[in-house]
Protein chains: 2
Amino acid sequence: MERIKIVVAGDNYLFTKGMECLIEESLLFELAGTVLNEIELIDKLSNKQADVLAIDISSIGWSEDILKRVMKYVPGLKVLAFNTVKQRNEISVVLGSGVTSYLLLCCDKAEITEALLKTAKGERFLCGKVLNALINIPKRELDGHDAGCPLYSVCAGVNISEREMEIIRYVSEGLSNQEIADKLFLSVHTVNTHRKNIMSKLGINNTAGLVMYAVRNQLVS
Amino acid sequence: MERIKIVVAGDNYLFTKGMECLIEESLLFELAGTVLNEIELIDKLSNKQADVLAIDISSIGWSEDILKRVMKYVPGLKVLAFNTVKQRNEISVVLGSGVTSYLLLCCDKAEITEALLKTAKGERFLCGKVLNALINIPKRELDGHDAGCPLYSVCAGVNISEREMEIIRYVSEGLSNQEIADKLFLSVHTVNTHRKNIMSKLGINNTAGLVMYAVRNQLVS
DNA sequence: TGGCAGCTACCGCAAAAGGGGTATTTTGTA
DNA sequence: TACAAAATACCCCTTTTGCGGTAGCTGCCA
């Protein structure tokens, strides 16, 4: 079986090194090279045939512009973008520039492996955390690049339960844990536990983060 | 000088009583009656000529629907609506139903007096707090009822200073008072004072309220 | 049938927020 | 120049969060 040739791009050591290890440890992949900037990238892509570009777009020096130029220069290139953010606007722009798949830098090895495989096959792979943010993007914004990507996959991502959603809503409305407990006929301890679990799942550590999550995911008006 | 005839509508005692006092204490106004429900209101408006309807739409039993029916039944009626909320959607709907002016129930006597006068003259009067929320409504949503109301007035409302805006932004980004203090080279006491002043001005009492304010007023993305 | 996820509930402790003040300095402006 | 508003800083105190645990119960599913 032919190995998938992957070019890694980014100027963050942990990212490039980590990707190199992942690729070389696997029998499925083959490292087609690591590049630090746009010039090296174009050079690498024109000299060596590659199947997938795994690029850290959170690095300083990488932007959607560069991505667009590369996509133009190497048509049909499959791109798996890594980023730190999961804001809708940002994701929208990146996917709009022709990127096939989108992961967060915090995704784990299994997710990255799966994403590389799917991307090589031309399928979309989005991190579940990203999908959460993406759900509300008007479909048309993606249509331009949808034709060739009929399949969507998502990694585990964040799964907020119904009860937890309820808690988030009340927190966002300004209720204290005690008030929420009264409203839902729960112990304040339970509300607090839910709150802790939510914050843990979302990787935040205060009320402001909870409210912003609620707003981004339209849990509140 | 002819007094302005005002009908007061609402089933909240403090509102109706307060309005009656305000109207009767003033030489400018004349109480055309107080009504508790829609039937009484229609009855009053058809029997007695009134210039302005001052209505508490936060009362149980009052809705935009009723307002619309009344506007239909008594074309050209000037309406000053009182409500508790200053959410954009809500205000949009209310003004969209033909209401001339919009105050919050927390507005003071001078503001109410001015609003009654302006409304009677066919001018719009919005509480500044309302205007803040309204700024982002697409203009077209109001156009249908704009023709007859060329003038806009606002009461003092809320005036959040630049420094306070800055604090709100940082709070919304999840920073603690201490972190904000470090970032702005301030004492944590100062940040706390700003925070207290903001909450006092906005009539809120926790972080969730601050973040929601920031979101509604587009201080954060 | 065993494990896992979700919901529930509790404990303790430290940190932060919230609410009440007061007071000085800076700044803009009438 | 005098006044008001804003910005700064501090005090005391209570309540709420946030974080570290533990643990029983239910329902699902491999």
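Here is how names work: the chains are called A, B, and so on, in the same order as the sequence lines, proteins then strands, and each is numbered from 1. Computation of the quantities below employed the complete heavy-atom set of this structure, encompassing side-chain atoms and omitting hydrogens, waters and symmetry-equivalent molecules.
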Rounded to whole Å, how long is the line connecting atom [atom1] of [X] with atom [atom2] of [N]?
{"X": "B:H194", "N": "D:dA5", "atom1": "NE2", "atom2": "C1'", "answer": "12 Å"}
{"X": "A:N197", "N": "D:dC19", "atom1": "CG", "atom2": "C1'", "answer": "12 Å"}
{"X": "B:I180", "N": "D:dA7", "atom1": "CD1", "atom2": "P", "answer": "15 Å"}

Criterion side chain to side chain contact (heavy atoms under 4.5 Å, CB included) against B:M19, the qualifying member of B:D56, B:L116, B:T34: B:L116
Contact nearer the 5' end of DNA chain D, comparing B:E164 with B:V188: B:E164
Below 4.0 Å: OP1/OP2 of C:dT8 and any side-chain N or O of A:H189: no
N/O (side chain, B:T190) to phosphate O (OP1/OP2, D:dA9) under 4.0 Å: yes
Axis-to-axis angle between the two ends of the helix from C:dT1-D:dA30 to C:dA30-D:dT1 (five base pairs per end, rounded to 10 degrees): 50°
Base of C:dC7 paired with side chain of A:T193 (donor-acceptor, under 3.5 Å): no
Audit row: A:I180, A:V171, side-chain contact (heavy atoms from CB on, under 4.5 Å) steps and yes/no: CA-CA 8 Å; A:I180 297 171; A:V171 168; 3.7 Å; yes
Distances for protein N or O near nucleotides 13-18 of chain C N or O, under 3.5 Å:
from   : atom 1 : to     : atom 2 : distance (Å)
C:dA17 : OP2    : B:N177 : N      : 3.1
C:dA17 : OP2    : B:N177 : ND2    : 3.4
C:dG18 : OP1    : B:T207 : N      : 2.8
C:dG18 : OP1    : B:T207 : OG1    : 3.4
C:dG18 : OP2    : B:R195 : NE     : 3.2
C:dG18 : OP2    : B:R195 : NH2    : 3.2

Sugar-phosphate only, base, or nothing, as touched by A:S187 at under 4.0 Å among non-hydrogen atoms: sugar-phosphate
